[in-house]
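Below is one structure; the comments refer to it alone.
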Amino acid sequence: MLIDHDVRCSLDLAVDLLNAGPAALADLAALRAFVVGHAISDVEVEALDEGDLAAVRRVRQRFAEIFAAPTDRAAAELVNGLVAAAGTTPRLTDHDGHAWHVHYFAPGASIAAHLAADCGMALGFFLVAGERERLRHCAAPGCGRAFVDLSRNRSRRYCSNRTCGNRLHVAAYRARRRGPEREGRSEQEVVVHPREE
C-alpha cells in the first residue's frame with residue numbers, strides 16, 4: 001500500500017499516542033514533552049492546560065476504539081465522529097520547509113482537535129483503501145502494543161521484530177532444542193544411561 005509522508009507521520013503519531021502508556025499523559029509536563037518530542041506543528045506548548053490534557057486522553061481512547069473496532073462500518077462511524085468533532089478544515093501548507101501537504105485541523109485548533117483531525121483522517125484513508133486489517137496489535141503474549149502493518153503481504157505480527165518478534169523466535173528455538181522428550185524437565189532431571197555393551 002502506498003501512503004504519502006504526511007499520512008505516515010499521522011499514523012505514527014496515533015500509534016505512538018496509543019502505545020505511550022499512562023505515564024506519557026500522566027500530567028501536563030508529560031503532554032508538553034510528547035508534543036515537543038513529536039515536533040507537532042502549530043501547537044503553543046506553553047499554552048497547553050489541564051483541559052488539553054483531558055481532551056488528548058479522550059482522543060487517545062477514540063484511537064484505541066478504532067483499532068479495536070469489530071467491523072469496517074464500526075470503525076468508519078468512530079472515525080467520522082472523531083473528525084467531525086474536531087471541526088476538520090483541510091488546507092494546503094508548506095510550513096517549516098516541508099513540501100506541500102494537507103493539514104486537516106483548523107488554524108488555531110487545540111492539540112486534541114489537531115490530533116483527531118490529522119490522525120483521524122489518516123486512519124480513515126486506510127478504511128477507504130480497504131486496509132483496516134493493517135491496524136493491528138502485537139501478537140506477542142503480554143504486549144498488545146498497536147502498530148500499522150505496512151508490509152507488502154500484510155504479514156507483520158509484532159510491534160517490533162527486534163524486541164517482541166526476536167524474543168518469541170528465541171523462545172521457539174530453545175523449545176525446539178529441548179525437544180519433546182525433555183519438555184518440562186530441567187537439566188538436572190535429565191538422566192543419561194550408559195550404553196550396555
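Side chains of L25 and L17 form a contact here, defined as non-hydrogen atoms less than 4.5 Å apart. Within the 4.5 Å cutoff, side-chain heavy atoms of P107 are placed close to those of R91. Taking 4.5 Å as the limit, some side-chain heavy atom of T93 sits within range of a side-chain heavy atom of H101. S110 places a side-chain heavy atom less than 4.5 Å from the side chain of D52. Using a 4.5 Å cut-off on side-chain heavy atoms (C-beta onward), F67 and V148 make contact. By the 4.5 Å heavy-atom criterion applied to side chains, L48 and L53 are not counted as neighbours. Side-chain atoms of I66 and L82, non-hydrogen and from C-beta on, do get closer than 4.5 Å to each other.
A donor-acceptor pair is defined here as one N or O able to donate and one able to accept, closer than 3.5 Å; such a pair exists between the side chain of R134 and the backbone of S151. Judged by distance alone, the side chain of D42 and the main-chain N or O of G108 form no donor-acceptor pair under 3.5 Å. The backbone N or O of G120 lies less than 3.5 Å from no partner atom in the side chain of R62, so there is not a single donor-acceptor pair. Of the possible polar contacts, none joining the R145 side chain to the C138 backbone as a donor-acceptor pair under 3.5 Å is found. Using modelled atom types, no side-chain atom of R156 and backbone atom of R136 make a donor-acceptor pair closer than 3.5 Å.
Summarising the geometry of G87 relative to A106, their closest heavy-atom pair is O-CB, 4.2 Å, with the distance given to 0.1 Å. Summarising the geometry of A113 relative to A86, their closest heavy-atom pair is O-CB, 3.6 Å, with the distance given to 0.1 Å. Taking all atoms of both residues into account, the shortest heavy-atom contact from A30 to A26 is CB-N, 4.0 Å. Listed here is the closest heavy atom pair of D149 and S155: OD2-N, 3.3 Å. Closest heavy-atom contact between V83 and A116: CG1-O, 3.7 Å. Looking at every heavy atom in both residues, V59 comes nearest to A112 through CG2-O, 3.6 Å.
Residue R57 places its CZ atom among more than 12 non-hydrogen atoms of other residues, nucleotides or ligands, all under 6.0 Å distant. The number of heavy-atom neighbours closer than 6.0 Å to CZ of R73, taken from other residues, nucleotides and ligands shown, is 12 or below. A 6.0 Å sphere centred on CD of E44 holds no more than 12 heavy atoms belonging to other residues, nucleotides or ligands.
In this structure, L13 CG and F63 CZ are separated by 7.0 Å, a value rounded to the nearest 0.5 Å. Going from atom CG of L150 over to atom CD of E131 covers 9.5 Å, rounded to the nearest 0.5 Å. Rounding to the nearest 0.5 Å places SG of C9 at 11.0 Å from CD1 of I40. Atoms NE2 and CG, on H137 and N19 in that order, are 7.5 Å from each other to the nearest 0.5 Å.
When the ring-ring contact (aromatic ring centres under 6.0 Å, His included) test is applied to F105, the partners found at least two apart in sequence or on another chain are H103, H114.
Tracing side-chain contacts under 4.5 Å through hydrophobic residues (I, L, V, M, F, W, Y), one never reaches L18 starting from F147; they form parts of separate clusters. Tracing side-chain contacts under 4.5 Å through hydrophobic residues (I, L, V, M, F, W, Y), one reaches F126 starting from Y104; they form part of the same cluster. Hydrophobic clustering (ILVMFWY, side-chain heavy atoms < 4.5 Å, transitive): V79 and V128 are in distinct clusters. With hydrophobic clusters built from ILVMFWY side chains whose heavy atoms lie under 4.5 angstrom apart, V15 shares a cluster with V56.
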